[in-house]
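Structure first, commentary second.
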Amino acid sequence: MSVLRPLPHPPSSELELVNQAQQLAGMALGELATLAGMSTPPNLKRDKGWTGVLLERWLGASAGSKPEQDFANLGIELKTIPIDAQGRPLETTFVCVAPLTGNTGVVWETSHVRHKLHRVLWVPVEGERSIPPGERRVGTPLLWSPSEEEDDQLRRDWEELMDMIVLGQVERITARHGEVLQIRPKAANSKALTEAIGENGQPIMTLPRGFYLKKNFTGAILARHFML
DNA sequence: GGTTGATCATTG
DNA sequence: CAATGATCAACC
């Protein structure tokens, strides 16, 4: 017999990771926080990453400071995703920062977006604001890799968006571009600036951006999971 | 400022 | 009332 406890080190196999994630299904975040020695905030206004950090800790991902996948040895990225009572995503999913310079010759096959999404452990978590964070429950995890169709959808959006960046049109990009992948600000605030290519090819300073998966895309992944 | 983890809150 | 644009925290 063993009590439920956070993995004290990175999982050494996919089985160990998935088993641990499945053990968390049905548990309340407050209970998991207590068992992990973490406090539980009354809301997520000032703790937006709290759920993600909590699950990282339970699954043995070294919290937050990695350049690559959460489980580099397994080639797996961990994503918690807030869902409503019907299992539909409540928020878009951040993928990675959008590179605004040094993009000459970059292709989809070796892009950061494709690498990040090659294998993802989705952990749904109740996310409605009417439920206090401590009472939100973890759902059934799903280990996912993009199908050919999904990879193609992502590639088309990525190419359109990267073309705009390379052509100096980054400030014309809005969250409406892309069917399943979008670019939106990703910064501490609207005063944060980073270098990019201007409309005449000159260096400009602009808001840092990130790639996000739109809810139609992640919703389809989760829906297929429920149907199977 | 840039990375990690994301959700908030104003707007259409 | 969903979605876009803005923002919060910790670590380095």
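Chain naming here is simple, since letters A, B, ... match the order of the sequence lines and numbering starts at 1 in each. Predicted, not measured: the structure shown is a model, and the values here were computed from it.
Within 4.0 Å of A:T80, counting heavy atoms only, lie sugar-phosphate atoms of the nucleic acid but no base atom. Residue contacts shown for A:L207 are limited to sugar-phosphate atoms, with no base heavy atom under 4.0 Å away. As judged by a 4.0 angstrom heavy-atom cut-off over every strand, A:T51 is placed among residues making no nucleic acid contact. Nucleic acid contact class of A:R184 (heavy atoms, under 4.0 Å, all strands): base. Among the heavy atoms of the strands lying under 4.0 Å from A:G52 are primed sugar atoms or P, OP1, OP2 only; no base atom is included. Residue contacts shown for A:E77 are limited to sugar-phosphate atoms, with no base heavy atom under 4.0 Å away.
Between the CD atom of A:E56 and the P atom of C:dA9 there is a distance of 18 Å, rounded to whole Å. Regarding A:K186, its NZ atom lies at a distance of 13 Å from the P atom of C:dC8, rounded to whole Å. For the pair A:N189 CG and B:dG2 P, the interatomic distance rounds to 12 Å; values are reported in whole Å. Summarising the geometry, the separation between OH on A:Y212 and P on B:dG5 is reported as 12 Å, rounded to the nearest angstrom. Atom pair A:R176:CZ and B:dG12:C1' shows a separation of 9 Å (rounding to whole Å applied). Here B:dT3 presents its C1' atom at 18 Å from CZ of A:R209, a figure rounded to the nearest Å. Atom CG in A:L78 sits roughly 8 Å away from atom P in B:dG5 (whole-Å rounding). Rounded to whole Å, the distance from CZ on A:F94 to P on B:dC8 is 17 Å.
Checking C:dA9, B:dT3, B:dG2 against every side-chain atom of A:V97, the shortest atom distance belongs to B:dT3. Picking from B:dG5, C:dA2, C:dT4 the nucleotide with the shortest atom distance to the side chain of A:K215 gives C:dA2. Of the candidates B:dA9, B:dT7, C:dT4, C:dT4 carries the atom nearest the A:A175 side chain, counting heavy atoms from C-beta on. Nearest to the side chain of A:R129, among B:dG5, B:dT7, B:dA9, sits B:dA9. Listed candidates were C:dT7, C:dC8, B:dG5. Nearest to the side chain of A:R46 is C:dC8.
Put simply, the side chain of A:I204 reaches to within 4.5 Å of the side chain of A:E171, judged on heavy atoms. With contacts defined as side-chain heavy-atom distances shorter than 4.5 Å, the pair A:M164/A:R172 qualifies. Contact of the A:V166 side chain with the A:I197 side chain is not registered, since no non-hydrogen atoms from C-beta on lie closer than 4.5 Å.
No salt bridge links A:R155 with A:D151; every basic N to acidic carboxylate O contact stays at or beyond 4.0 Å. Using a cut-off of 4.0 Å between Lys/Arg side-chain N and Asp/Glu carboxylate O, A:E150 and A:R224 are scored as salt-bridged.
In this structure, A:K116 reaches the B:dT4 phosphate: one of its side-chain N or O atoms is under 4.0 Å from OP1 or OP2. In this model, the phosphate group of C:dA3 is not approached by any side-chain N or O of A:T92 to a distance below 4.0 Å at OP1 or OP2.
Judged by closest nucleotide on DNA chain B, A:L193 is the one of A:P82 and A:L193 placed further toward the 5' end. Comparing A:E91 and A:D47, the nucleotide of DNA chain C nearest to each residue sits closer to the 5' end for A:E91.
Side-chain atoms of A:Q182 and A:R184 form a donor-acceptor pair, as typed in the model, at a separation below 3.5 Å.
If you check distances only, the side chain of A:K45 never reaches the base of B:dT7 with a donor-acceptor pair under 3.5 Å.
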